[in-house]
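What follows is one structure encoded as structure tokens, with my remarks underneath.
Quantities reported herein were computed from a predicted structural model and do not represent experimental measurements. A, B, ... follow the sequence lines: proteins, then strands. Residue 1 opens every chain.
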Amino acid sequence: MCVFARAEGLGFARLTPRMNPEIRVRFAPSPTGYLHVGGGRTALFNWLFARHEGGKFVLRIEDTDKARNTPEAVAVILDGLRWLGLDWDEGPGVGGDYGPYFQSEREEIYERYFQKLLEAGCLYEDNGAWRFRSQREVVTVHDIVCGSIAFDLSNPQTHPDMTIRRPDGSWIFHFVNVVDDIEMRISHVIRGEDHLSNTPKHLELFKALGVQPPAYAHIPLILNKDGSKMSKRDAGASITGYIEGGFLPGAVRNYLSLLGWSPKDNREVLELDETVRLFDLAKVNRKNAHFDLEKCLWFNTQYLQKTSPSQFHALSLPFIEKAGIAVGTPAALDPVLALVREKVKTLAEVPGWLGYFFTEEYPFDPQAVAKAFSTPVAFERLAALTRAWDTSPIWDAAALEAALKQVAADLNAKPNELLLPTRVAVSGRASGPNLFPMLEVLGRERTLSRLRHACTIHAPVTQ
RNA sequence: GACCCUAUCGUCCAGUGGCCUAGGACACUCCCCUUUCACGGGAGUAACACGGGUUCGAAUCCCGUUAGGGUCGCCA
């Protein structure tokens, strides 16, 4: 029998007091090869709580499953958290007083606690594995988010004794999780609601070990927009997807912070320090959230618009380089970026808008060509426009616009009948930045040669 | 199946017994701005799951039903 739990009728009275009044939370991911958006949100809430309370945010890697534990899989998690701006006070890379922070390196600790439970008679062997003998009680979870919930563990059929150690000596999640939370002096466990039903088991372990359990806060899950469970493949499920998709960390952080929590005053675009200031675990709601990529994109545009030109430049550059666009000097890129920045929702969309600024081999969209050059007069007009611009003493947006209007008047055409053909001729497409500023940036030489070239290749072959 | 959680516009959040003929945001529709597409400004469509209670009064409290989610592993 489990003597810790019996303790001559004193029960919880002889529990060891926690020596630290300090707030300490932890994010304890398993290195599965990707960081789930729900995990990112859990980490975020832990981090926000720690920062709000002036406590410590600990990162612990739960890599007891040796099979799929690789350095790459760990790196993905670390990179994702760093990208989101969630710095940890203790954990991989930064150390701390309660390490090591990889479960695979904490073997002796688990062995010690295992012996404790064994000596207390709380364990029994089953086919080589070790099980924890439940006290078969009603265990009540006092949860900051969910309230008090009673779980009746009395029926062994429905609540079998949990296994804590496999025949090969490796450890099971419930056990190491509890041991580490004790050893690392965790004061608040903030995790996904999928763990709520596991919590009574964890509480039994704490009781058997004679340690007062931490406070719990189970936060709602993030599901797909249709309510199904988000898996790796689903859009928006992986933090890496946001990094590669050209999202800004602040935007994703802001969006995720509002899934299950809000400042209660209808504000949505919240700076990080403001979120830290206002974050309140007790005000987290209990309803699962459905993920909406559209809204996340909207946040991204909000944050994108707040970047300075130089920030936008720096942020865009990796995506431009990845797209293989040779931009020449940074100075050549800036004016183009200034034209294009209001058109994009993500950094990944930047290259798509500026390709034709940096090559003469830009493609022509067939639909745009059909629309712009449907009639032979389009070429006459373009030719007249080309002549007028060729002799324009000044090459700036205002001059170009004035000249175009004059040409249109001379030709008895409306100005906007000249705009689309011009745009398609110089860019190959029907939409883009404001035309005249765009031509100003493009420059006289390239604009004129493109106009002539487009007339040559798109003019009717019947002439 | 058992146990647990949840239930306000399509989605995310407000709303904790009377301020609610339910508010904000995303999306959508329309209008304005615009010599493209966007941006921006304005307007609009759209919800208290259902049924019982409690109460002078319920989106708000209670019960049931239904629906969704979670857990029930020698996964984490």
Counting any heavy atom closer than 4.0 Å, what does [X] reach on the DNA or RNA strands: base, sugar-phosphate only, or nothing?
| X | value |
| --- | --- |
| A:Pro220 | nothing |
| A:Ser431 | base |
| A:Gly192 | nothing |
| A:Glu417 | nothing |

Write down the partner of [N] under the Watson-Crick or G-U wobble criteria, each distance required to be under 3.5 Å.
| N | result |
| --- | --- |
| B:C3 | B:G70 |
| B:A59 | none |
| B:C50 | B:G64 |
| B:G40 | B:C32 |

Integer-rounded Å distance: [N] [atom2] and [X] [atom1]:
| X | N | atom1 | atom2 | result |
| --- | --- | --- | --- | --- |
| A:Leu304 | B:A38 | CG | P | 17 Å |
| A:Asn285 | B:U11 | CG | C1' | 14 Å |
| A:Gln367 | B:U36 | CD | P | 19 Å |
| A:Asn224 | B:C12 | CG | C1' | 15 Å |
| A:His159 | B:G70 | NE2 | C1' | 13 Å |
| A:His202 | B:C72 | NE2 | C1' | 13 Å |
| A:Glu193 | B:U71 | CD | C1' | 10 Å |
| A:Phe175 | B:G73 | CZ | P | 19 Å |

| Which nucleotide sits closest to the side chain of A:Gln302: B:C13, B:G40, B:C75? | B:G40
[X] vs [N]: side-chain N/O to OP1/OP2 distance below 4.0 Å:
| X | N | answer |
| --- | --- | --- |
| A:Arg166 | B:C75 | yes |
| A:Thr158 | B:A2 | no |
| A:Thr32 | B:A76 | no |

| task | Test the A:Arg429-A:Trp353 pair against the cation-pi criterion, namely NZ or CZ under 6.0 angstrom from the six-membered ring centroid and within 45° of the ring axis. | result | yes
| Interatomic distance at P, B:U65 relative to B:G24, whole Å | 37 Å
